[in-house]
Amino acid sequence: MTARSPRAVAAAVSLAAAAMFFTLMLLAAVLTAGGASSTAAGVDAPTDPAGASALARRDIPVRYLELYAAAGRRYGLDWAVIAGIGKVECDHGRDPDPSCTRERVLNAAGAGGPMQFIDLTWARFGVDADGDRRADRWDPADAIYSAANYLRAFGAPSNYREAIFAYNHAGWYVADVMSWAARYRSQQPATTAMGGEGGPGADLSLPAATPTPVRFIPGERAVLATEDGRVALVPAGVPPTVQAMVVAGNELQGLPYGPGGHPDPRGAFEEDCSSTLNYILYRSGVRPIAEILSDNPLAQDYVHWGAPGPGRWVTIYSTTEPTPHVFLVIAGLRLDTSHAGTDVGPSRHEDGPRWRILDHIPTWARWSIRHPPGL
């Protein structure tokens with residue numbers, strides 16, 4: 001189809017022009033996912049998702065939030081799952097990787113755009129969502145709608161995990177996306193279980209967001225499970241962000257010590273002290289992955305990061321001497337890669353990120369003591 005010339009428009013009578021306009025609007029509204037003109041900006045008015053959590057509204061740019069909601073409505077999907085993919089792939093268009101935002105730039109895997117499509121999948125599932133007559137994987141509207149189109153084709157909403165696995169064949173990826181989706185939804189149900197006095201209650205979305213066991217206990221202090229010293233029980237009386245940190249710490253148990261988590265701690269086969277902290281802060285929503293990938297924080301970088309002094313629920317200990325090191329204490333439990341002489345618990349003979357048991361903070365260094373703001 002080509003646009004009518006100004007001369008033709010001028011020659012058309014008002015009634016015919018009006019009829020044509022409403023006909024085109026009707027056609028656009030009923031086009032299928034593979035159509036050439038499904039629009040987010042026109043047909044689908046900006047949508048503010050019902051039930052979005054405070055984290056979602058803080059972390060997701062407004063335009064992206066509206067597009068996730070509109071795409072979810074168009075394809076009959078949970079907008080938060082689409083948003084979870086957008087977070088993991090390109091941090092809602094904020095990732096410094098040029099393939100996320102720069103036209104025709106691809107990463108090493110041949111993927112591009114904020115939802116990271118490769119040529120073959122884009123050719124099959126890419127749609128023109130903003131009505132500009134071209135499907136552009138670097139355009140946020142086109143990319144987000146196309147991701148929803150892809151998920152729908154591979155089993156969503158009947159089986160989100162299968163659809164996400166088809167999007168990226170990695171178990172950690174599925175867990176990561178589902179985790180962000182759970183956190184992006186409203187946490188209102190969390191106030192109904194085991195909340196201590198003044199406590200927010202158990203975040204009941206966490207079990208579905210992680211492959212690791214999640215067991216809640218009352219109060220504000222995490223403790224190790226008696227039957228498994230690598231699993232910390234999640235205190236229901238701390239904020240959801242802190243609960244998510246405990247779960248993230250459980251996800252790292254068993255990994256060996258090593259630099260493999262730099263600059264990207266997600267899905268790493270090993271973690272050192274700083275990549276362990278980077279992972280915890282990312283998984284709990286405290287630091288965006290784009291910031292971590294860009295800065296690649298090391299132990300010494302945390303000497304001045306955050307707010308000074310210990311936190312109510314989370315405290316970060318870092319030093320540059322006699323050797324750079326960093327660890328954190330979450331709800332009373334120390335998560336640390338160092339263990340020689342500083343752990344009397346079940347993991348005392350293991351390196352790598354583990355929950356450590358000691359009746360005091362290790363004294364082998366002079367620590368900078370800080371905490372994530374608000375925690």
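Small disclaimer: the values here were computed from a predicted structure and weren't measured.
Here N149 contributes atom CG and T121 contributes atom OG1; the two are 11.0 Å apart, rounded to the nearest 0.5 Å. Rounding to the nearest 0.5 Å gives a distance of 12.0 Å between NE2 of H262 and CG of L293. Atom CG of D343 sits about 7.5 Å away from atom CZ of R348, to the nearest 0.5 Å. Between the NE2 atom of H325 and the OG1 atom of T320 there is a distance of 13.0 Å, given to the nearest 0.5 Å. Rounding to the nearest 0.5 angstrom, the gap separating the CZ atom in R266 from the CD1 atom in I289 is 4.0 Å. Going from atom CG of L281 over to atom CE of M245 covers 5.0 Å, rounded to the nearest 0.5 Å.
Screening F165, Y160, F125 against F154 for a ring-ring contact (aromatic ring centres under 6.0 Å, His included) leaves a single residue, F125. Each of D336, L252, I330 was checked for a side-chain contact (heavy atoms from CB on, under 4.5 Å) with W355, and the lone residue meeting it is I330.
At least one side-chain heavy atom of S294 sits under 4.5 Å from a side-chain heavy atom of P96. Looking at heavy atoms from C-beta onward, L120 lies out of side-chain contact with R124 at the 4.5 angstrom threshold. Counting heavy atoms from C-beta on, the side chains of I292 and P265 come closer than 4.5 Å. Between R356 and H339, the closest side-chain pair of non-hydrogen atoms falls below 4.5 Å. Proximity of W313 to V246: side-chain heavy atoms (C-beta onward) are nowhere separated by under 4.5 Å. When side chains are defined from C-beta on, L335 does not count as touching R354, because their heavy atoms never get closer than 4.5 Å. When side chains are defined from C-beta on, V286 counts as touching T241, because their heavy atoms get closer than 4.5 Å. By the 4.5 Å heavy-atom criterion applied to side chains, E271 and T337 are not counted as neighbours.
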Exercise. Please lay out, stage by stage, how R134 and D139 fare under the test salt bridge (charged side-chain N to carboxylate O under 4.0 Å, His left out).
Key: CA-CA 10 Å; R134 71 187 189 104; D139 177 87; over 6 Å; no
Quiz item: Yes or no on side-chain contact (heavy atoms from CB on, under 4.5 Å) for L328 and T315, after CA distance, side-chain angles and deciding distance?
Solution: CA-CA 6 Å; L328 74 165; T315 302; over 6 Å; no
Quiz prompt | CA sep, side-chain torsions, deciding dist, call: R73, E66, salt bridge (charged side-chain N to carboxylate O under 4.0 Å, His left out) | solution = CA-CA 11 Å; R73 183 178 64 182; E66 292 174 346; over 6 Å; no
Quiz item: Could you go step by step and tell me if T342 and R334 meet the side-chain hydrogen bond (donor to acceptor under 3.5 Å, both in side chains) rule?
Solution: CA-CA 10 Å; T342 64; R334 176 171 135 244; 2.8 Å; yes
Exercise. Determine, stepwise, if the pair S99 / D97 fulfils side-chain hydrogen bond (donor to acceptor under 3.5 Å, both in side chains).
Key: CA-CA 5 Å; S99 71; D97 185 336; 3.0 Å; yes
Practice problem: Take N107 and Q116, measure what side-chain contact (heavy atoms from CB on, under 4.5 Å) needs, and give me the verdict at the end. | Solution: CA-CA 9 Å; N107 64 18; Q116 292 289 280; 2.7 Å; yes
Practice problem: Tell me, with the steps shown, if S275 and D272 meet side-chain hydrogen bond (donor to acceptor under 3.5 Å, both in side chains). | Solution: CA-CA 5 Å; S275 67; D272 62 16; 3.0 Å; yes
Exercise. I would like to know whether V231 and L224 meet side-chain contact (heavy atoms from CB on, under 4.5 Å); could you show each step before the answer?
Key: CA-CA 6 Å; V231 175; L224 295 183; over 6 Å; no
Exercise. Please lay out, stage by stage, how S368 and Y302 fare under the test side-chain contact (heavy atoms from CB on, under 4.5 Å).
Key: CA-CA 8 Å; S368 167; Y302 281 102; over 6 Å; no
Exercise. Show the numbers, then the answer: is there a side-chain hydrogen bond (donor to acceptor under 3.5 Å, both in side chains) between T210 and E251?
Key: CA-CA 8 Å; T210 179; E251 292 173 346; 2.7 Å; yes
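Here R312 pairs with E220 in a salt bridge; the nearest charged N to carboxylate O distance falls below 4.0 Å. Taking the charged nitrogens against the carboxylate oxygens, R287 and D295 do have a contact shorter than 4.0 Å, which makes a salt bridge. Here D59 pairs with R94 in a salt bridge; the nearest charged N to carboxylate O distance falls below 4.0 Å.
When all heavy atoms are compared, the tightest approach of A290 to D95 is CB-CA, 3.7 Å. The two atoms that bring R230 and G254 nearest to each other are NH1-CA, 3.5 Å, heavy atoms only. Closest of all the heavy-atom pairs between P114 and P140 is CG-CA, 4.0 Å. Contact between P288 and D91 at its shortest, heavy atoms only, is CB-OD2, 3.5 Å. The minimum heavy-atom distance between L333 and A232, with the atom names listed, is CD1-CB, 3.6 Å. H371 approaches L375 most closely through the heavy-atom pair CD2-C, 4.2 Å.
Residues Y173 and E89 bring a donor and an acceptor atom of their side chains to less than 3.5 Å of each other.
Partners of A83 by side chain to side chain contact (heavy atoms under 4.5 Å, CB included), not counting sequence neighbours, listed by chain and number: I60, Y68, W79, Y184.
A donor-acceptor pair is defined here as one N or O able to donate and one able to accept, closer than 3.5 Å; no such pair exists between the side chain of Q300 and the backbone of P324.
A ring pair (Phe, Tyr, Trp, His ring centres under 6.0 Å) check over residues 279-299, counting only residues at least two apart or in different chains, returns the pairs W180-Y282.
Through side-chain heavy atoms spaced under 4.5 Å, either directly or across other Ile, Leu, Val, Met, Phe, Trp or Tyr residues, V329 is tied to Y317, F327, I361, W364, W367, I369.
A chain of hydrophobic side-chain contacts below 4.5 Å, direct or via other Ile, Leu, Val, Met, Phe, Trp or Tyr residues, connects M115 to L77.
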